[in-house]
Amino acid sequence: MFGIDRSLYGPKVERPLVERLKSIEAKWREKWASARLFEADPSDKPKFFVTFPYPYVNAYPHLGSAFTILRVDVTARYKRMRGYNVLFAQGWHATGGPIVSAALRVREGDPKVLRDLKLMGVKDVDGFENPEHWVTFFKEGWKRDLQLFGMSIDWRREFFTTYLNPPYSKFIEWQYYKLREKGLVAIGEHPVVWCPREQKVVGDHDRPDEYAGIGPSEATVIKFYSEDGLVFPALTYRPETIFGATNIWVNPQAIYVIARVGEERWVIGEYGFRELVDQGVPLSAEGKVSGRELLGKRVRNPADGRPLPLLPAAFVEPDVGTGVVMSVPAHAPYDYVALKDLKEACSGPYCEEVKRIEPIVIISSPSFKGIPAQEACEQKGVRSQLDKEALDEATKLVYAEEFYKGQMLVEPWAGVPVKEAKEEIAQWLASKGAALQVHTLPQRVYCRCGARTHVKKVKDQWFLLYSSPEWKRLALEALKSMKVWPEEARREMIRIAEWFRDWAFTHKGELGTRLPWSPEWVIESLSDSTVYMAYYTIAKYLQHPEKYGIRPEQLVPELFDYVFLGQGSAEEVERLTGIKKELVEEMRREFLYWYPVDLRISGKDLMYNHLVFFVFHHVALFPRELWPRGISVNGWINVGGEKMSKSKGNFILLRQAIDWWGADATRWAEIMAGADSTLDDPNFDPATADAAVRELSGWLDFVAENYGKGREERMKVDDWFESVLNEKILRVTQLMEETMYKSALMEGYYDLQSKFKWYLRRAGSPHREVLKRFIEVQTLLMAPFAPHVAEEAWEIMGKQGFISVASWPEADKSKIREELHRAEEIVRRVLEDAREVLRLVRTAKKLRVTVAAPWKYELCKAIAEELPAGQAEAIRRAIKRVSGVEPRQVAQAAQRVAASPEILQLLVPRDLEHQALKEAEEFLSRELGLQVTVELEEESSSPKRGAALPAKPALYAE
RNA sequence: GCGGGGGUGCCCGAGCCUGGUCAAAGGGGUCGGGCUGAGGACCCGAUGGCGUAGGCCUGCGUGGGUUCAAAUCCCACCCCCCGCACCA
C-alpha cells in the first residue's frame, strides 16, 4: 500500500514473533498512559530538559525523522532512570510556504502532490486543498506514530505554530517585540526571486523541482556609451575583465527596448528592462530597436576609453541579463568562440575591423599559458558558439581558476588577486557612474504558474541583525561554552555563526505569526522556532483554556515578561490580564524549574541554520544562566546504504517500519544503524531489524526460563563474569552520558551477551545470584532502547513498578578485577592456540599445558617495568635483574618475549594463571575433545616445557 | 574554491582522540559440523596467503616520515559525501 518494494526492504522475520512484540507494546503503551508516567511537573528532584526540533507537519515521520527523535527518547528514558525529573515535550511546526503551496497544488490537481499523498496512505484527498487540513491531519499522524514508537512525551504540552494557534502567536509576538526593543531588527532592501504574473516571491516550493535552490546572485551592469549618445548596459559577473573587452555583442535577431533614465537612453533586452525596473532603476520604455540596426555602432570602454564595435553573436540571449554582452575573448570561452566564428563568416561592413581584433589577456593564472579561453575551449572540445554544454564547462573552468588563483596584469591592479580586484574595479567603475551593482538569476527560473521569474528588490523587508557584533559575540560565547557532541559540530557552528549575515525574517502569503507592528508580513519559519522550548515549560497552561481558563487575548507581552524574564510583578500581570496572580507565579516557577534546555538533539542539517538561530535568540533574550546547555547532532539515516528516496523504493515511513517489525525492534535497528553522536550518516539495515525481533523475543523467553535458576556453589569464573558485568555498567553509563547510543547498545547488549555465552560455556551452568544479577542488569541497560520489552521482562521477573522509572544499575567497583580479565584472556588464547596446534597434529590424544617457571615471570615483570626505556634497552636491563638462572636461558626467553610483546599486556601473577588454567582443564578438554592437563614447568616432563612463557603456557600434543 | 565529514578484510561496520593484548570486535554472506522429521530458527568451527607445533608473509585509500613498535601520530597527494543560507 505504500509503494515500497517489500522484497528488498521489508521484513523477513516470522510474523508471530512480531505480533507478540506488538501486543506487548500495546500493553505497556496503555499502562504508561494510564499511569501518566511521562507527565512531568516541577518537583524537588533535579530536572533534565531534552528537546527535539519540532517537525514540519506536511508528511508522516519516516525513518530519518524517527531516528533523531529516538535519540531524544533514549536520552529522556536514560535520564529518568538516573533519577532526573525529565521534561520531553513535543510541538508541531506549520509555519512557512510548503503546506500552503501543496494545498494549492491539490486544488489544481497536480498529480505529483496527489501521488505523494497516496504514498502516505491518504485515500481521500478531500480537504487537502486547505492548508489548515494538512496541519491537523499530519500533526495527528505524527502524534499517533510517535506514540506507537514509544516516545516518552508529556502530551499535555503539545502545540502547533502559526496564527491558527493564537496562544503560540502571542508568544512569538512577545519575542519579536523584545528583539525590536533591543534593536536587533531593522528594515531594509532585499533581493528575491519574483513572479511577475502572480506578483509574489517564488520560494523553492513554488517552482518545479529542477529550479529549486537557484537564487539571486550579484552581478555588475557596466555602461558603454556610444558615439551617438546611447547607453549599452552589459551585465557581467566579471567586472574585472573590462580591461580585456574588445567589443560588445548583441543578438541581431533580437528586439531591444529603448528606455530612458534621466538624460540617458539605454538599449536593453525586455527581460533585463523589467528586472532592473524592479530593482529600482527608473527606466521608462520609449521605443524598440532591432539588434541588426545596432551593428557597427561604436562605444567607449569606460575603463580605458578604447573604442569598441558592436558586433553580432547568436549565442547572446536577449532574455538573459540585459541582452547586451561585453566581449572578453581572452577570458570568456563564449566570446572567444563567437569572435572566431565571426572572423570566419563575416559579412558586414565592420569586417575589416573584426579581423583586426585579438584577445587581450589581462589575468594570469597557473593553469593557463596562452589565451585562457582558447585553452579551455580546446580542453573541453568546444565546436561552435552554440555548443552550450561544452562552453558552460569551459566557462566554469576559466572562471574558477581565475577567480581563486588568478592575478591581474593591468595597472594599477597588476599583481592583485582577482578575488580582490573584482570588487575594487566594480566600485571604481560605479564611482565614475559607469556601473551599478544588481542582482540576477544565474539561469532561467520558472514559477509553478509557468511564468518566467526575475529578481526584484523588496524595499520594506524586515531583518534580524545577526551581523551585529555584540549579538554575535554573545552567541559565540554560548557556543564555545556549551556541551556539543560531536566536537566537530561545535567548530562548524562557530564558523557558521561568524559568517552569519542579516536574515530576512518576514515573508508574505505563508502560514505563520503576523509581525505585530506590520501585520502584512508573516514571520518566517526559521525565525519563529528559536526559543519555543520556553513555551513548552508553560504550554500546558496556555493550550488548555478548559482547564486553566486562560484565553489568548490575555497573553499580553507583560505576562511573558514576568514569566520568562521576571520583569514586573504578578500583581501587575493580574491587573492587566485578569489571570490570577497565583497562576502567573506558578508559571514563572515552572519556567524557572525547567529552563534552561539541557540538551537539544538534532540532525546535522540544522547546524546550518536552526541550531545557530536557536543560540542567537537565546542569548538575545535570556540571561546567561538560561542559555542552552547542550547540543547533540547526528547524521541523516540511509536505508540499505543509500539515501532514502521515493524513487529508489527505500523510503520507509515510521508507521510502516512499526507495522513490519514493531516499535522496539525498529528502535533497536535504528540505534544500531549508528546512533552515536557523529556527523556520519547512519545506515539502517532491515536485516538488523529482523534480527532484533528475534533477539528481543528471545530475551523474553530467556528471562522467563532462567530468572531465579542456577547453581548454588561458587566458581572462579563467576567472579570473572561479575567483574565483566560491573565493568560493562561503568562503560555503558559513560557512553550514555556522551550520547553515544550505538556504542552503548553494542557494549551493553551484544558484547555483554557474547561474554555471557562464553561464561556459560566455561561454567557449564551459571551461578544463581550471578545469573539473576545479569538478567536484571541486562534488562535495565536495554530499557532506554527497547522500553516495552524491558517492561515486560521486568514484570516477568516479578519486579514492582515500571522499569521506565527504575534505577539505572550501579556498578560495584569492588567486583571489578582487571587481573581476572587477563587470566580469562589467557585461557581463551590457550584454547585458540590449542586448536591451531591440533589442526596440524591431527593424531593427538592428549594435550599438556605447561605454566612457565617463576623466574620467567620475574623477567617479564622487569621488562614491562623497563619498557619506557625502549624495548631493546628494557630487555637488556631486565636480563641483568634475573639471577639464579643460566644467563643463556634468560637471554633466550627474553628474545622470545620480544617476539611476542603482547604477553606483557596479559601478565598476571603466576599463581593466578595456574589456578585459572587448572580450573579450565575440564572446560578445555570438553571443547577440544581430548584430555587436557595443566602442569607447572618445574614439575613437568613435557618436551615443550622450556617454551612456556608467562601468559603463554607451552602446549604439547601427544 | 572554502568549510565539515569520510575512505578498514567478500559486504556492512567497530577500532583511530589516549601507538604495543590488532590478521584487526560484532553482524551479514559463504563453507563445514551439531541439533532436528525438516528447518531460512538455534549452537559450534572455518572464512588474506603459506605452514604436519602455537609460526611466517602480505595487509586498514596512495606515497613518504616519526618510533624499538603505526589501522592508530606527522606531512603530501588521490577519491567520495555534505554545506556555502533567507528554505523546511
Side-chain angles (χ1 to χ4, degrees), chain A residues 12-14 17 53 55-56 58 93 95-99 190-192 201 203-205 212-213 215-216 400-401 403-405 419 461 463-464 486-489 491-492 495-496 499-507 524-527 529 604-610 635-636 640-641 643 672-674 676 678-681 683 685 687-688 690-691 694 698 742-743 746-747 750-751 754 757 761 821-822 825-826 829-830 832-844 867 869-875 898-907 927 944 947 951-957:
Chain A
K12 295 189 170 63
V13 70
E14 299 75 8
L17 289 185
Y56 190 66
N58 64 341
H93 201 205
T95 308
I99 286 177
H190 185 59
V192 297
V201 179
D204 275 353
H205 48 270
E401 175 71 14
F403 180 74
Y404 294 113
K405 297 179 194 161
K419 241 178 179 168
Q461 173 67 54
F463 287 89
L464 282 161
E487 194 55 38
E488 300 90 275
R491 253 180 279 139
E492 187 75 340
R495 199 187 57 79
I496 292 159
W499 155 91
F500 255 24
R501 299 194 298 270
D502 295 344
W503 178 267
F505 76 96
T506 52
H507 286 182
E524 159 286 329
S525 66
L526 285 167
S527 305
S529 33
K604 65 178 175 184
D605 48 329
L606 297 188
M607 280 194 300
Y608 301 95
N609 45 51
H610 165 74
W636 263 119
K643 200 180 263 183
M672 285 308 289
D676 282 354
T678 79
L679 299 179
D680 296 349
D681 289 328
N683 186 27
D685 183 356
T688 309
D690 290 339
R694 293 186 196 107
K742 173 182 178 173
S743 298
M746 272 171 42
E747 294 234 14
Y750 287 104
D751 230 43
S754 80
K757 268 183 207 162
R761 275 168 73 187
H821 296 200
R822 289 199 294 268
E825 177 65 15
I826 292 170
R829 282 175 183 238
V830 165
E832 218 170 66
D833 286 350
R835 281 217 169 93
E836 197 166 349
V837 169
L838 293 173
R839 218 183 353 263
L840 297 169
V841 190
R842 300 229 174 84
T843 54
L867 204 59
Q871 192 175 299
E873 180 59 27
I875 286 174
S900 315
E902 72 276 7
I903 65 172
L904 295 176
Q905 317 291 325
L906 290 173
L907 233 43
E927 289 282 325
K944 284 273 178 184
K952 201 170 177 60
L955 302 181
Y956 182 64

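The structure displayed is predicted, hence computed values, not measured ones. Chain letters run A, B, ... following the sequence lines, proteins first and then strands; every chain starts at 1.
- Note on A:Lys757: every side-chain N or O is 4.0 Å or more away from OP1 and OP2 of B:C42.
- When each of B:G1, B:A25, B:C87 is scored by its nearest atom to the side-chain atoms of A:His507, the top-ranked nucleotide is B:C87.
- Here the nucleotide nearest the side chain of A:Lys742, chosen from B:G54, B:G45, B:G13, is B:G13.
- If you check B:G5, B:A85, B:C87 against the side chain of A:Val201, the one that comes closest is B:C87.
- Checking B:U52 for Watson-Crick or G-U wobble geometry (two distances, each under 3.5 Å) identifies no partner in any strand.
- Closest to the side chain of A:Tyr608, from the set B:C86, B:G54, B:G83, is B:G83.
- Summarising the geometry, the separation between CD on A:Glu488 and P on B:G6 is reported as 6 Å, rounded to the nearest angstrom.
- Across the strands present, B:G3 finds its partner in B:C82; the criterion is a Watson-Crick or G-U wobble pair with both atom distances under 3.5 angstrom.
- Pairing partner, B:C73: B:G65, with both Watson-Crick or wobble hydrogen-bond distances short of 3.5 Å.
- Base engagement by A:Leu526 is indicated by at least one non-hydrogen atom pair under 4.0 Å involving a base atom.
- Whole-Å rounding puts the A:Leu606 CG to B:G83 P distance at 13 Å.
- Phosphate contact (OP1/OP2 of B:G40, side-chain N/O of A:Arg694, threshold under 4.0 Å): absent.
- Across all strands shown, B:A46 forms a Watson-Crick or G-U wobble pair, both distances under 3.5 Å, with B:U30.
- Here A:Arg835 lies in heavy-atom contact (under 4.0 Å) with sugar-phosphate atoms only.
- If you measure from atom CH2 of A:Trp636 to atom P of B:C81, you get 20 Å, rounded to the nearest angstrom.
- You'll find that the side chain of A:Asn683 is closest to B:C12, out of B:A88, B:C84, B:C12.
- With B:C86, B:G4, B:A53 as the choices, the nucleotide that has an atom nearest any side-chain atom of A:Ala957 turns out to be B:A53.
- For A:Glu492, whose side chain is taken as the heavy atoms from C-beta onward, the closest listed nucleotide among B:G54, B:G4, B:A88 is B:G4.
- Under the stacking criterion of a centre-to-centre distance below 5.5 angstrom and an interplanar angle below 30°, A:Phe500 sits stacked against the six-membered ring of B:A85.
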